[in-house]
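Reminder, nothing fancy here: chain letters follow the sequence lines and each chain counts from 1.
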2 protein chains.
Amino acid sequence: MTPFTSLLSIDKLSARPAFVQLSDQLVNLIRTGTLSVGQRIPGTRQMAGLLAINRQTVVAGYDEAIAQGWLETRPGSGTFVAGHLPDVQPQLLAIDKRETGIQQNGPIDQDPSRQPGYTFVLRPYLARPILINSGRLHLDDGFPDIRLAPLAELGRAYRSYFRWGNPQQHFGYGDPKGHPLLREQLSSYLNETRGLHTTSDNVLITRGSIMGLHLVSQVLLQAGDVVITGETTWAGATMNFLNAGARVLTVPVDAYGMDVDALAAIAEKMLIRLVSVTPHHHYPTTVTLRSDRRIRLLQLAEQYGFAILEDDYDYDFHYLSRPILPLASADQQGMVVYIGSLTKSVAPAFRIGYVVAPTALIDELARLRRIIDRQGDPMLEFAIGQLFKTGDLKRHFRKALRIYHTRRDHFCKLLNTELANVIKFSKPDGGMAVWALFDPAIDMEKLGKRASQRGLDLANGLMHNPPGQLLNGTRLGFASSTEAELDQSVALLKKIL
Amino acid sequence: MTPFTSLLSIDKLSARPAFVQLSDQLVNLIRTGTLSVGQRIPGTRQMAGLLAINRQTVVAGYDEAIAQGWLETRPGSGTFVAGHLPDVQPQLLAIDKRETGIQQNGPIDQDPSRQPGYTFVLRPYLARPILINSGRLHLDDGFPDIRLAPLAELGRAYRSYFRWGNPQQHFGYGDPKGHPLLREQLSSYLNETRGLHTTSDNVLITRGSIMGLHLVSQVLLQAGDVVITGETTWAGATMNFLNAGARVLTVPVDAYGMDVDALAAIAEKMLIRLVSVTPHHHYPTTVTLRSDRRIRLLQLAEQYGFAILEDDYDYDFHYLSRPILPLASADQQGMVVYIGSLTKSVAPAFRIGYVVAPTALIDELARLRRIIDRQGDPMLEFAIGQLFKTGDLKRHFRKALRIYHTRRDHFCKLLNTELANVIKFSKPDGGMAVWALFDPAIDMEKLGKRASQRGLDLANGLMHNPPGQLLNGTRLGFASSTEAELDQSVALLKKIL
């Protein structure tokens, strides 16, 4: 007789119900051929005795295996491994995982909780570390100080949403383009502050600016299309262009932004589909695109028919008397797709971004968005819309701008007095980080590790290096630290340099 | 002299600031060649007089145009159209939009607020109407009754999140895989109730099940890969497979679910990458996949190395004594990617879905997700996690199950007594809708329109027709209406039939 007492073992302390454990184990014995088709298995009373468990548990376990088709009951004679099943044989995995493009380290992992039985192709350009807030001292990529965020006001707006009388309407399916209140408020805000010419029909609310980048890349780009970025640029954008199958070419970026002559030279030779720029404060170097280059860029777009993706994610934080209006404000022919974000102006968790574009593009972006995540978060979109309406958000922007301005000045003075012998930088006109070039003798990777060991998060900046170049530069975010914290961070950095 | 009084016109009532209007109009005159390079423009005092506006407004408008590079000041001699600009000529759109694949109706639209200056290719498979809750009487696709949702409890959980002391940690960047609390809670819940074998590392939190479908389609499918679905199936899944470039083939679905023999016949002839099923309650016909077919399907997956995408979005609502465990619970080789959702069990606005899979796939899905929307909503994910922890969510599921059970019985009785002469249906064992086949003499499109005119939202079901077949069937959702509302809806439907 089959030795059920050694083959089956029910763990009464497990979170998995005993009957499920029993059923699973029986199924496994059938699948692996230990129990064969048509074989009789012990009655429920006998099995309960063998396993020292409650008979009802055995009944439920058998029922489960019967429902799944592995066992069957023959009236008057007992329970059997089902006979009408397709032959059940132990099955070797049909696919040799070594041939699949899956990167393997060491011996092949056969644990199905880790490695699937089918194959898929990894995308090498996605293999970058994912940053998660650590709460330690940091000189970050240029993040906001979340302690300044209008959390009380946002909390109140959420509460008022939950209190409304019509749940079917407020918590049902909504418009993939975003909550109407936020689209309207944002359209007005962008028209007033940035010289855009939008109605809410030109605005698509996204989850952070990255979703705008993603949707635009997917809709505008076909495999093999040429995209131009700066030689230094944001990896999140490049990953999206590569993901859409584009060929990404780069042009130099100097103290006045992207080299538009170099762009024109490429445009003469090949069809460009998209040029990606952050003209207000170039990422990562923070320089502003000079006005003659702006005009030339727009003209080239019109002449050659490429789209300009203007990523203006930190527009709200500019420290000169008045920020320069975006390219989109001077765009007369609909060449610019304008992307922005509130994750930098409020807090990363409040994932609100937007795309501004002609309605024909907005409509198609929304149709694609529908099959990605259907729609945004109506509670969040309402709350942010409400804070635009009450003026709380604009007050917050002004307050944060003032504070960041002070922190920028404090930080740049600190860098000049404490680290002038090892770094070069220009005081940025806007944004939330300083672009610092370190002495070539300093190994940035080691520096980053040493800093981390001492409790300071500092990016090594290696990802900013164009292929074949060693800039030895990194971004030092000042906005998210108080002056006292900046003092500590710089002192620590000085000590380990 | 240039007739500035007729060329420029400032609307003082406009929401656009006067200085922006002035700057825009000047730029436009330069771009169109009305003002030429090097031309002197009136001084600010003179222009203010000409336009009858405040001189400060003119100063600000000129400053703006100067900042953008269109004007320049020559000390001591006034303001001029900038001379160092590239030639500014009126530019015809370089691209003939008729050749671009953009669908045009009537004359070509040149308004840049509607039609961009670059081209893009529309995806025909996305061109489906997007449903938004109307709040009227409805027999919907099978949506939950949001009036039952635990809104007070959710509101409280949101509040507690906002009250926490560490904003940097709670409102900063988080894990693209989801909030740890929710991943843990969901992993336990799925193990306990559905016989899965997960740790939280096997769980990716998504925004609704559609995002799971999207990510899995993008990661598992390459252009030209074969995907198998039922002949009737959910359009949201098919759109995603097509969007990934897959070739979608269908097999028949009968009263016992997908015809697995037909699937086997295809597998013998060609390489299948993915089989998409909703085995618990097939969408749209609500039938349950029979147990022998389940086993055969798993075997075929192992034999031929294809992945099974098990979409179990309405698992929680099953009216037999015990639901059948998902395919994923019997999967020993990691062939099943299991997708679920809370949007149907709580409310569509709370966009929580999940993917359960081996960690190697979960990791790659998360890397892709990072360039789509970076991460989910930590407030929402925490709130839902919290309601799992307190038991509120499970209590809600039980309550809703009981109520939907009663509504199903009431509705089926109604259909039998009121509409038996025009529709055929089987009482569904689970889910939130009845699959109703209407008399072939009834024009479903007209019926849908008539219903809508009378205040009843009723899908015409045309999207459920496989190519070349007229099922004349549609889904009649019962869960989101009270018994009294179901009475009204059926009475109205009877009247217009």
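For chain A, the nearby parts of B:Arg123 are the backbone and the side chain; heavy atoms of each come within less than 4.5 Å. Heavy atoms closer than 4.5 Å to chain A are found in both the backbone and the side chain of B:Asp175. Residue A:Ser329 touches chain B through both its backbone and its side chain, counting heavy-atom pairs closer than 4.5 Å. For A:Leu148, no part lies near chain B; criterion is any non-hydrogen pair under 4.5 Å. Interface remark: B:Phe171 contributes backbone and side-chain atoms alike to the contact with chain A (heavy atom separation under 4.5 Å). Neither the backbone nor the side chain of B:Arg293 comes within contact range of chain A; no heavy atoms are under 4.5 Å apart. Contacts of B:His197 with chain A are made by both backbone and side-chain atoms, with heavy-atom separations under 4.5 Å. Contacts of B:Tyr161 with chain A are absent, with no heavy-atom separation under 4.5 Å from either backbone or side chain. When heavy atoms are compared at a cutoff of 4.5 Å, B:Phe162 approaches chain A solely by way of its side chain, counted from C-beta outward. Both the backbone and the side chain of B:Asp63 come within less than 4.5 Å of a heavy atom of chain A. Heavy-atom distances place no part of B:Thr206 under 4.5 Å from chain A, backbone and side chain included. Residue contact with chain A, scored on non-hydrogen atoms closer than 4.5 Å, involves the backbone and the side chain of B:Arg374 alike. For B:Ala60, the part sitting under 4.5 Å from any heavy atom of chain A is the backbone (N, CA, C, O) and nothing else.
With contacts defined as side-chain heavy-atom distances shorter than 4.5 Å, the pair B:Arg351/A:Asp377 does not qualify. For the pair B:Pro348 and B:Ile146, the minimum side-chain heavy-atom distance is below 4.5 Å. Put simply, the side chain of A:Asn240 reaches to within 4.5 Å of the side chain of A:Ile210, judged on heavy atoms. The closest side-chain heavy-atom distance from B:Met379 to A:Phe350 is below 4.5 Å. Residues A:Val346 and A:Leu154 have side chains in contact (heavy-atom distance under 4.5 Å, counting atoms from C-beta outward).
Chain A forms the most heavy-atom pairs under 4.5 Å with one residue out of B:Arg290, B:His170, B:Arg159, B:Arg294, and that residue is B:Arg159. Annotation: maximal heavy-atom pairing with chain A below 4.5 Å, among B:Gln222, B:Gln168, B:Arg367, occurs at B:Gln168. Residue with the most contacts toward chain B among A:Gln169, A:Gln332, A:Gln218: A:Gln332 (heavy-atom pairs, distance under 4.5 Å). For the set B:Pro378, B:Gly172, B:Ser209, B:Ala235, the entry with the most heavy-atom pairs within less than 4.5 Å of chain A is B:Gly172. With chain A as the partner, the residue from B:Ala357, B:Gly174, B:Gly236, B:Ala366 showing the most heavy-atom pairs under 4.5 Å is B:Gly174. With chain B as partner, the option from A:Ile371, A:Val336, A:Leu215, A:Asp373 having the largest number of non-hydrogen pairs under 4.5 angstrom is A:Ile371. Top candidate by heavy-atom pairs under 4.5 Å with chain A, chosen from B:Ala347, B:Pro176, B:Pro167, B:Ala330, is B:Pro167. Comparing A:Ile362, A:Leu151, A:Val20 by heavy-atom pairs within less than 4.5 Å of chain B, the highest count is held by A:Leu151. Interface check for chain B: of the options A:Ala152, A:Ser23, A:Ser113, A:Gly195, the most heavy-atom pairs under 4.5 Å are formed by A:Ser113. Top candidate by heavy-atom pairs under 4.5 Å with chain A, chosen from B:Leu368, B:Leu274, B:Leu361, B:Ile324, is B:Leu361.
Remark: the backbone N or O of A:Tyr158 is not paired with any side-chain donor or acceptor of A:Arg163 at under 3.5 angstrom. Here the side chain of A:Arg273 pairs a donor or acceptor atom with the backbone of A:Leu220 at under 3.5 angstrom.
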Criterion salt bridge (charged side-chain N to carboxylate O under 4.0 Å, His left out) on B:Lys177 and B:Asp363, from CA distance to verdict: CA-CA 8 Å; B:Lys177 292 179 189 170; B:Asp363 291 349; 2.7 Å; yes
query: Can A:Ile308 and A:Val337 be said to form a side-chain contact (heavy atoms from CB on, under 4.5 Å), step by step?
result: CA-CA 6 Å; A:Ile308 298 172; A:Val337 184; over 6 Å; no
Worked verdict on B:Asn243 versus B:His214 for side-chain contact (heavy atoms from CB on, under 4.5 Å): CA-CA 9 Å; B:Asn243 190 55; B:His214 181 77; 3.9 Å; yes
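In this structure, a donor-acceptor pair under 3.5 Å is present between the side chains of B:Thr198 and B:Asn191. No side-chain N or O of A:Ser480 forms a donor-acceptor pair with one of A:Arg147 less than 3.5 Å apart.
Between B:Phe306 and B:Tyr304, the two ring planes are parallel [angle under 30°; tilted spans 30° to 60°].
Here the CD1-OG distance, from B:Ile372 to A:Ser217, works out to 11.0 Å after rounding to the nearest 0.5 Å.
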